[in-house]
*Asks:* 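Mind looking over this structure? Questions follow.
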Amino acid sequence: MDPWIHRFRHRLLAWFHRSRSVPILYVRRFSYTEIKRATGGFNRVVYTNPRSAAYNAKFQDGRVALVKELRALNDNVFNTEVQLLGRLHHRHLLTLRGFSTGHKRLLVFDEIGNGSLRDHLNDPLKTPLNWRMRLQIAAGVAAALEYLLLFTDPPMCHVSISSSTIMLDENFTAKISDVGFICSPVNISGYPDATKSDDFMDQKCGNIIYQLGVLILELITGQSSDGTGADLIKWIQGTNFARSMNKMIDPDLGNSFDYKDVRNLLSIAKLCIKSREKPRFSIPQIFRYLQSKVDVTSY
């Protein structure tokens, strides 16, 4: 586990619980029929992975939301996950608004007025994202990751960071959508101890930093990865990386970026990708750097 996080996490948690006691927001129970209708029969797929599937949903009151189906969880484990997710409160995390059990175990999150980041990188009909907006997205994601690593108790077990799982609200504020506390139905009684082990935290931090590196590559190149980011990683680790940098910058950026900033951020992405096994720096360090670039004072 990152030494900085290891040293201060428990102290920060104690302060956080004393100074920022956040109640669980009202979580509504939706009917299966209501959600099925809102998602077009679960045909409006945003992303899918072994753990979950996510759908665009438009309810009769006009609300546009993200609905997630959690797989391989029984009702008791699912209810625990709902309670834990209901405690999360951060500007750059989707807020849980409701759930449904029965045919499927479903979670209903905040409105997502501008869809996924992937939509805006791939769809020529979507609003292009300028350089400042992309920096703000990266900084927002890093801020949420800092919160998840330092201020959640029990610590989160799963987080997926990619252009498919980052949602944008009506103000283009980035929201992480794929977070979970329970790894599997069999570890519900023991998961707090298991996830606090140093080996687990080292692996988790390294994987999160790796994913953030791939996301930064997506923001700079405008190319969406398949989750592993194999093509982008092959490029940034290749011998032609420096010579081909200009060709890889997303043309949609136009002249909105500073070349030095792009070069520095690519260097950070490269280090993030190398840090999968042994992190070379922490999420808070990455966040502070990104924060300075967008001149953000509060997350």
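Keep in mind the model is a prediction, meaning the values are calculated, not measured. Heads up: numbering here begins at 1 and tracks the sequence.
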*Asks:* By the salt bridge (charged side-chain N to carboxylate O under 4.0 Å, His left out) test, which pairs, at least two apart or in different chains, include something from residues 257-268?
*Replies:* D261-K293
*Asks:* Please tabulate, for the side chains in residues 124-131, all donor-acceptor contacts under 3.5 angstrom to protein atoms that are two or more places apart in sequence or on a different chain.
*Replies:*
unit_1: N130; atom_1: OD1; unit_2: R132; atom_2: N; d: 3.2
unit_1: N130; atom_1: OD1; unit_2: M133; atom_2: N; d: 2.8

*Asks:* The test is side-chain hydrogen bond (donor to acceptor under 3.5 Å, both in side chains); show your working for R29 and T101 and say whether it passes.
*Replies:* CA-CA 9 Å; R29 181 185 288 272; T101 56; 3.3 Å; yes
*Asks:* Return the set of residues passing side chain to side chain donor-acceptor pair (under 3.5 Å) with S177 (not counting sequence neighbours), or none when no residue passes.
*Replies:* Y47
*Asks:* Output all residues satisfying salt bridge (charged side-chain N to carboxylate O under 4.0 Å, His left out) with R28, sequence neighbours left out; order by chain, then residue number.
*Replies:* E34
*Asks:* With sequence neighbours left out, write down each residue that passes ring pair (Phe, Tyr, Trp, His ring centres under 6.0 Å) with F172, or none if nothing qualifies.
*Replies:* H120
*Asks:* Heavy-atom distance under 4.5 Å between the side chains of M248 and Q223, does that happen here?
*Replies:* yes
*Asks:* For N255, check side-chain contact (heavy atoms from CB on, under 4.5 Å) against everything at least two apart and list the hits.
*Replies:* none
*Asks:* Using a 4.5 Å cut-off on heavy atoms from C-beta on, say whether the side chain of I176 contacts that of I166.
*Replies:* yes
*Asks:* Quick one: which residue pairs count as a salt bridge (charged side-chain N to carboxylate O under 4.0 Å, His left out) with a foot in residues 68-86, not counting sequence neighbours?
*Replies:* R51-E81, K68-D178, E69-K104, D75-R105
*Asks:* Got M156 and I208 here, is their nearest side-chain heavy-atom distance under 4.5 Å?
*Replies:* yes
*Asks:* Does L70 reach the side chain of V77, with side-chain heavy atoms less than 4.5 Å apart?
*Replies:* no
*Asks:* Which residues pass the ring pair (Phe, Tyr, Trp, His ring centres under 6.0 Å) test with F99, sequence neighbours left out?
*Replies:* none
*Asks:* How would you list, by chain and number, every residue that makes a side chain to side chain donor-acceptor pair (under 3.5 Å) with N114, sequence neighbours excluded?
*Replies:* none
*Asks:* Just how far is it from atom CD1 of I233 to atom CD1 of I273, taken to the nearest 0.5 Å?
*Replies:* 4.5 Å
*Asks:* Would you say the side chains of R87 and T152 form a donor-acceptor pair under 3.5 Å?
*Replies:* no
*Asks:* Measure the shortest side-chain to side-chain distance between V262 and L265 over non-hydrogen atoms and say whether it is less than 4.5 angstrom.
*Replies:* no
*Asks:* Just so I know, are the side chains of L96 and L88 near enough to count as touching, which here means a heavy-atom distance under 4.5 Å?
*Replies:* no
*Asks:* List for me each residue that meets side chain to side chain donor-acceptor pair (under 3.5 Å) alongside W235, sequence neighbours excluded, and say none if there are none.
*Replies:* S244
*Asks:* Under the side chain to side chain contact (heavy atoms under 4.5 Å, CB included) rule, what do I137 and L168 come out as? Steps first, then yes or no, please.
*Replies:* CA-CA 9 Å; I137 289 168; L168 303 175; 3.9 Å; yes
*Asks:* In chain order, what residues pass the side-chain contact (heavy atoms from CB on, under 4.5 Å) check against T173, with sequence neighbours excluded?
*Replies:* R91, H92, D169, N171, K175
*Asks:* Residues in ring pair (Phe, Tyr, Trp, His ring centres under 6.0 Å) with F30, at least two apart?
*Replies:* F59
